[in-house]
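Values reported hereafter were calculated over all heavy atoms of this structure, with side chains retained and with hydrogens, waters and symmetry mates removed. So that the names make sense, note that chain A is the first sequence line, chain B the second, and so on, each numbered from 1.
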Amino acid sequence: AKRYSACLSELAQHGHWEILLQMLALMERENVVLDVYMYSYAISAWGKLHQWEKAVELLDTMEQRGIVPNDVSFNTAIVACGVSGQWRKSVDLLQDMERRGLRPNVVSYNSAVSACGQNRRWEDALLLLEEMMAKGITPNTITFNSAIAACGTSGRWQEALGLLEQMTREKVQPDVVTYNTVIKACGDGGQRAKAIEMLREMPERGIQPNVISYSAAIAACTSEDSADQALHLLTEMKDAGVTPNAVSYSSAIRACGYGHGKKWPDALQLLEEMAAKGIEPNEVAYCSAIKACGVGGQWEEALRLFKEMEQHSLKPGNVAYASVIDACGASGRWQDALRLLRQMNGKGFHVNVVPYNVAIKACSKGGEWASVMQVIREMEEMGVTPTVVTYSSAIAACARGREWQEALGLLRLMDDKGVKPN
RNA sequence: GACCUCGAUACAGCCUGC
């Protein structure tokens with residue numbers, strides 16, 4: 001059993017969930033008696049594969065085989081449901097535990113709070129927080145961190161800040177993750193100043209900001225005038241002895257895309273700087289830089305970066321193509337946009353709708369409504385399903401070209417295809 | 001030997017305000 005477990009642990013660490021499940025199935029066939037730990041691995045694996053039914057089913061299966069599920073079994077199932085979008089089932093499992101004579105513990109509630117958060121149910125997350133306290137289960141730092149994240153992903157930055165204050169009242173120590181989560185919540189809520197204020201508050205409370213704290217603060221710089229702020233934070237973190245990584249740089253490069261189209265040189269410089277420091281720019285860094293060039297009307301730079309990506313053996317995917325096509329379109333280079341779009345076929349990945357959408361936008365801007373209609377047809381041939389964005393862009397192109405009949409035709413077409421006009 | 005929390009990339013139009 002020891003050796004089997006070591007093997008399962010190894011597979012889990014490397015994220016080989018399918019193999020892990022295959023191995024367990026094989027073990028069963030060989031009449032190896034699975035213990036409660038092994039079942040937890042199985043429940044966890046099904047969760048990672050978003051197969052919550054399988055995960056929950058195992059709680060019964062194991063019992064039938066004489067292995068009584070314990071608190072960890074349930075906690076693992078709660079997580080599995082949460083990541084599969086089944087937050088309600090996660091919450092229900094807390095009750096199931098009690099029905100089976102198990103007491104949900106702090107990890108059980110933390111998992112359920114997190115499950116609510118991942119599904120943007122901030123109110124349910126807060127209800128669970130109240131419920132656990134009413135039951136005499138003391139929330140810990142992770143509980144609050146999960147609740148703050150729940151508010152953040154639900155767009156409720158004020159509530160996130162409220163929870164930070166509540167922690168003080170309840171004498172629960174915030175840690176670096178608490179602040180990082182709050183910074184992100186503020187950033188997502190468009191509250192850059194507040195995000196930076198929180199970064200400043202950390203040392204006052206004896207918490208040293210780490211690379212994630214700074215990166216989250218940089219990522220909060222998304223208003224038109226905040227590129228300089230992002231660059232300043234990047235410098236500041238270096239001075240503080242926190243080494244920026246690829247995420248820090250990518251976030252700063254992204255901020256350059258918000259600088260009224262004037263910050264593309266900074267984006268290029270950051271890209272060079274990171275490479276010089278031995279941090280190989282990844283697809284995210286390149287795409288962010290391509291976008292910054294695009295909004296600055298620098299289609300040649302965008303194309304150059306795109307080629308450079310390929311030379312660095314980064315295989316451009318949907319995001320990279322969409323970024324560069326959009327950059328071309330923004331500069332009126334609709335022919336380049338179409339050329340790039342058509343180049344995507346046969347590159348060995350599944351082309352999604354976004355590159356098509358941006359190509360349509362490019363043609364629209366170029367007054368090429370006929371090309372727009374052609375692209376729509378190509379989508380059909382390629383089996384790419386247009387979305388409401390596709391049709392809206394195409395209709396806008398017809399409007400620009402005074403092609404009202406085509407516009408009406410598209411409206412009817414989207415209706416036929418079951419895409420709801422908005 | 002099994003369970004919980006944090007950071008970066010692409011797409012439309014319309015309306016309102018500046």
With a 4.0 Å cut-off on heavy atoms, is [X] in touch with a base, just the backbone sugar-phosphate, or nothing at all?
{"X": "A:Asn352", "result": "base"}
{"X": "A:Ala322", "result": "base"}
{"X": "A:Ser251", "result": "sugar-phosphate"}
{"X": "A:Asn245", "result": "base"}
{"X": "A:Asp71", "result": "nothing"}
{"X": "A:Thr76", "result": "sugar-phosphate"}
{"X": "A:Val354", "result": "base"}
{"X": "A:Val211", "result": "base"}
{"X": "A:Asn282", "result": "base"}
{"X": "A:Ala6", "result": "nothing"}

Considering only residues two or more places apart or on different chains, which pairs with a residue in residues 12-21 of chain A satisfy salt bridge (Lys or Arg N to Asp or Glu O under 4.0 Å)? none
What I want to find out is whether [X] reaches [Y] closely enough, with some N-O distance under 4.0 Å, to be called a salt bridge.
{"X": "A:Glu130", "Y": "A:Lys135", "result": "no"}
{"X": "A:Lys315", "Y": "A:Glu283", "result": "no"}
{"X": "A:Asp326", "Y": "A:Lys291", "result": "no"}
{"X": "A:Glu57", "Y": "A:Lys54", "result": "no"}

Answer with yes or no whether the side chains of [Y] and [X] bring together a donor and an acceptor at under 3.5 Å.
{"X": "A:Ser108", "Y": "A:Ser111", "value": "no"}
{"X": "A:Ser248", "Y": "A:Asn245", "value": "yes"}
{"X": "A:Glu368", "Y": "A:Ser364", "value": "no"}
{"X": "A:Glu378", "Y": "A:Tyr356", "value": "no"}

Donor-acceptor pair, distance only, cut-off 3.5 Å: does the side chain of A:His16 make one with the backbone of A:Ala12? no
For A:Glu197, all residues meeting salt bridge (Lys or Arg N to Asp or Glu O under 4.0 Å), sequence neighbours excluded: A:Lys194
Please list residues of [range] whose heavy atoms come under 4.0 Å from any atom in RNA chain B, ordered by number; otherwise none.
{"range": "residues 139-150 of chain A", "value": "A:Ile142, A:Asn145, A:Ser146"}
{"range": "residues 390-397 of chain A", "value": "A:Ser392, A:Ser393, A:Ala396"}
{"range": "residues 312-321 of chain A", "value": "A:Asn318, A:Val319"}
{"range": "residues 405-414 of chain A", "value": "none"}

Exercise answer: donor-acceptor pairs, residues 177-184 of chain A side-chain atoms, under 3.5 Å, sequence neighbours excluded:
{"unit_1": "A:Thr178", "atom_1": "OG1", "unit_2": "A:Asn145", "atom_2": "OD1", "d": "2.5"}
{"unit_1": "A:Thr178", "atom_1": "OG1", "unit_2": "A:Asp175", "atom_2": "N", "d": "2.9"}
{"unit_1": "A:Thr178", "atom_1": "OG1", "unit_2": "A:Asp175", "atom_2": "O", "d": "3.4"}
{"unit_1": "A:Thr178", "atom_1": "OG1", "unit_2": "A:Asp175", "atom_2": "OD1", "d": "2.9"}
{"unit_1": "A:Tyr179", "atom_1": "OH", "unit_2": "A:Glu201", "atom_2": "OE2", "d": "2.6"}
{"unit_1": "A:Tyr179", "atom_1": "OH", "unit_2": "A:Arg205", "atom_2": "NH1", "d": "3.1"}
{"unit_1": "A:Asn180", "atom_1": "OD1", "unit_2": "A:Ser213", "atom_2": "OG", "d": "2.6"}
{"unit_1": "A:Asn180", "atom_1": "ND2", "unit_2": "A:Val176", "atom_2": "O", "d": "3.4"}
{"unit_1": "A:Asn180", "atom_1": "ND2", "unit_2": "A:Asn210", "atom_2": "OD1", "d": "3.4"}
{"unit_1": "A:Thr181", "atom_1": "OG1", "unit_2": "A:Val177", "atom_2": "O", "d": "2.6"}
{"unit_1": "A:Lys184", "atom_1": "NZ", "unit_2": "A:Asp188", "atom_2": "OD1", "d": "3.4"}
{"unit_1": "A:Lys184", "atom_1": "NZ", "unit_2": "A:Asp188", "atom_2": "OD2", "d": "2.9"}

Start and end of the RNA chain B segment that chain A contacts, any atom under 4.0 Å from a heavy atom: B:G1 to B:G13
For A:Glu159, the side chain to side chain donor-acceptor pair (under 3.5 Å) test, sequence neighbours excluded, returns A:Arg156
By side chain to side chain donor-acceptor pair (under 3.5 Å), A:Asp35 pairs with (sequence neighbours left out) none
Among all residues two or more places apart in sequence or in another chain, which pass the side-chain contact (heavy atoms from CB on, under 4.5 Å) test with A:Arg402? none
Tell me the side-chain hydrogen bond (donor to acceptor under 3.5 Å, both in side chains) pairs involving residues 83-97 of chain A, sequence neighbours left out? A:Asp96-A:Arg99
